[in-house]
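Data first, discussion second: the structure below is written as structure tokens.
Lettering follows sequence order; numbering is per chain, from 1. Since we're looking at a predicted model, the values are computed, not measured.
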Protein chains: 2
Amino acid sequence: MTTTGTIPIQEVSLKNLRVACSSCSLRELCLPLGLSSEEMIQLETLISQRTRIKKGEQLYSAGDPMSSLYAVRLGFFKMSVVSEDGREQVTGFQMAGELLGMDAISSDSHTCSAIALEDSEVCEIPFTELEQLSRNIPSLQHNFYKVLSREIVRDHGVMMLLGNMKAEERLAAFLINLSQRFALRGYSSKNFILRMTREEIGSYLGLKLETISRSFSKFQDQGFIRVSNKEVEITDLPALKAILSGCPEK
Amino acid sequence: MTTTGTIPIQEVSLKNLRVACSSCSLRELCLPLGLSSEEMIQLETLISQRTRIKKGEQLYSAGDPMSSLYAVRLGFFKMSVVSEDGREQVTGFQMAGELLGMDAISSDSHTCSAIALEDSEVCEIPFTELEQLSRNIPSLQHNFYKVLSREIVRDHGVMMLLGNMKAEERLAAFLINLSQRFALRGYSSKNFILRMTREEIGSYLGLKLETISRSFSKFQDQGFIRVSNKEVEITDLPALKAILSGCPEK
DNA sequence: GGTTCCCATTGATACGGATCAAGCGCCAAC
DNA sequence: GTTGGCGCTTGATCCGTATCAATGGGAACC
């Protein structure tokens, strides 16, 4: 609807439509959190454009020079790194309101690739200008530090998962995490569509796709979830959570 | 030598001794990187004190409120998180010039515990004041963003290791990483002392202590390293690196 | 100097998940 | 409507690491 470029609308309204954090439903999840409306306007002027990314397309890939961060406005992304010998590791799945590209600050070039798993839209945030603006808006600066820190905490959680948990615990943790994030965004926490393949889930969780498939089947047999291809329904959330608590019985 | 508090020296010289980034051998690794000498002095005034932590003591633990970050001035730390059901995951080992506590920014309280693995010394950096100062010193702000981002990149590397690599690959990667970090600090990259136990290495690498021990022995049998308790000598670095490159032969 | 405790090594065995393999269902292209 | 390909499921087997167990050695404490 509020596409960029192709339709020749007059500039003013285009600018208006382009980016408006203040009217964005994600402002409570995203960078603008807690900013005054005046500060939010300053942030808006900085965001040069929204970009649409079709399912399967790359927003950027490892090695690309970094000039902007991206806030997911709509859709779903997969982030992955590749080792020198070609092994891929999915490092995360990002949805609306989450920031992409923070890994790239350290070296001015991206270390991950970002691939859209469904038709998506991102707000492009030029990094140098964000740095500058954050010097004038303390709460923006603070928010951004928090976002970076939260990513570190999340990564530690994944390490815990990869280092200590068994296959079914990992998958349970993954489903619970997705469920909570959907809920935060106003979607159902019980019914959702998996945008990624079993293989991508496996890569994220340090498992093979067959193991993911088997664990899904087992959860279904136990009556915890119903799965049909990419559709998931969580029918017994407490049971899923119990798996995580290292419940003694299998 | 430059202890804090106990010895009643006159204030001026104490202040001088307390913290002097400008004369600190770590200034090229730590936050002050690239700051002018004038800016460095501003940073120094902010760092309230140096603290000594004895081997085995905790600098902070998960749940503690966070008011400061810490720069390791001397020594060696282990960072770990604990899951609700009590499983411990070591998330990293930090040495001189590295920053501790960045995970705590997101929630104003620590999510990790930091334990000294040898007698250590840290510079305490009050976070609110660092935020303030970084608004006035762009290169300080930029450095700090980079430090946070670098931590995210490091974490992604650990995910790759935990998600994709076999036991011996993980240990090889660990040894190479330690070796490089010692070299950066002017220590030998070939001979060093492991400050952590086999169990702590195992927790970091997602393996059990027996597996660490066996892999050490195997590397030694193959002539890649010499190990004696905590002492390690790397005798064939290229061979260790070859293990990482997924070399076909075992 | 001896005792104790913790850490490390090594062996035997068990088990979880990887790997190999076959078959199915769905969607897109023709 | 048919064909091909990709993603998913399920079974059989294998392999790597965990687990269990016994022993050894070094450092700290008495």
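Side chain of B:Ser217 to main chain of B:Ser213: a donor-acceptor pair is present (N/O by atom type, distance under 3.5 Å, no hydrogens or angles). Here the side chain of A:Ser149 pairs a donor or acceptor atom with the backbone of B:Met102 at under 3.5 angstrom.
Taking atom NZ of B:Lys230 as the reference point, atom C1' of C:dT9 lies 14 Å away to the nearest angstrom. With rounding to whole Å, B:Glu231 atom CD is found 13 Å from C:dA8 atom P. Here C:dT10 presents its P atom at 13 Å from CZ of B:Phe216, a figure rounded to the nearest Å.
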Name the pairs: protein N/O against N/O of nucleotides 23-30 of chain D, kept only if under 3.5 Å.
none

Name the pairs: protein N/O against N/O of nucleotides 16-20 of chain C, kept only if under 3.5 Å.
unit_1, atom_1, unit_2, atom_2, d
C:dG17, OP1, A:Ala167, N, 2.7
C:dA18, OP1, A:Lys208, N, 3.2
C:dA18, OP2, A:Lys208, N, 3.4
C:dA18, OP2, A:Thr211, OG1, 2.2
C:dT19, O4, A:Arg214, NH2, 2.9
C:dC20, N4, A:Glu210, OE2, 3.3

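Tested against B:Thr91 for a side-chain contact (heavy atoms from CB on, under 4.5 Å), the candidates B:Thr111, B:Asp155, B:Val81 yield a single pass: B:Val81.
A close approach under 4.0 Å does not occur between any side-chain nitrogen or oxygen of B:Ser213 and OP1 or OP2 of C:dT10.
Near DNA chain D, meaning a heavy atom under 4.0 Å from it, residues 189-200 of chain B has no residue at all.
At a cut-off of 3.5 Å, with distance as the only test, no side-chain donor of B:Asp85 or A:Ser245 sits close to an acceptor on the other residue. Inspection of the A:Ser215 and A:Glu168 side chains reveals no N or O donor paired with an N or O acceptor under 3.5 Å.
With sequence neighbours left out, B:Ser179 forms a side chain to side chain donor-acceptor pair (under 3.5 Å) with no residue at all.
Relative orientation of the A:His110 and A:Tyr60 rings is parallel, given thresholds of 30° and 60° on the angle between their planes.
Aromatic pair A:Phe192/A:Tyr187: ring centres not closer than 6.0 Å.
Listed by first then second residue, pairs satisfying salt bridge (Lys or Arg N to Asp or Glu O under 4.0 Å) with a partner in residues 227-240 of chain B read B:Arg226-B:Glu233, not counting sequence neighbours. Applying the salt bridge (Lys or Arg N to Asp or Glu O under 4.0 Å) test to every pair with at least one member in residues 196-209 of chain A, sequence neighbours left out, gives these pairs: A:Lys78-A:Glu200.
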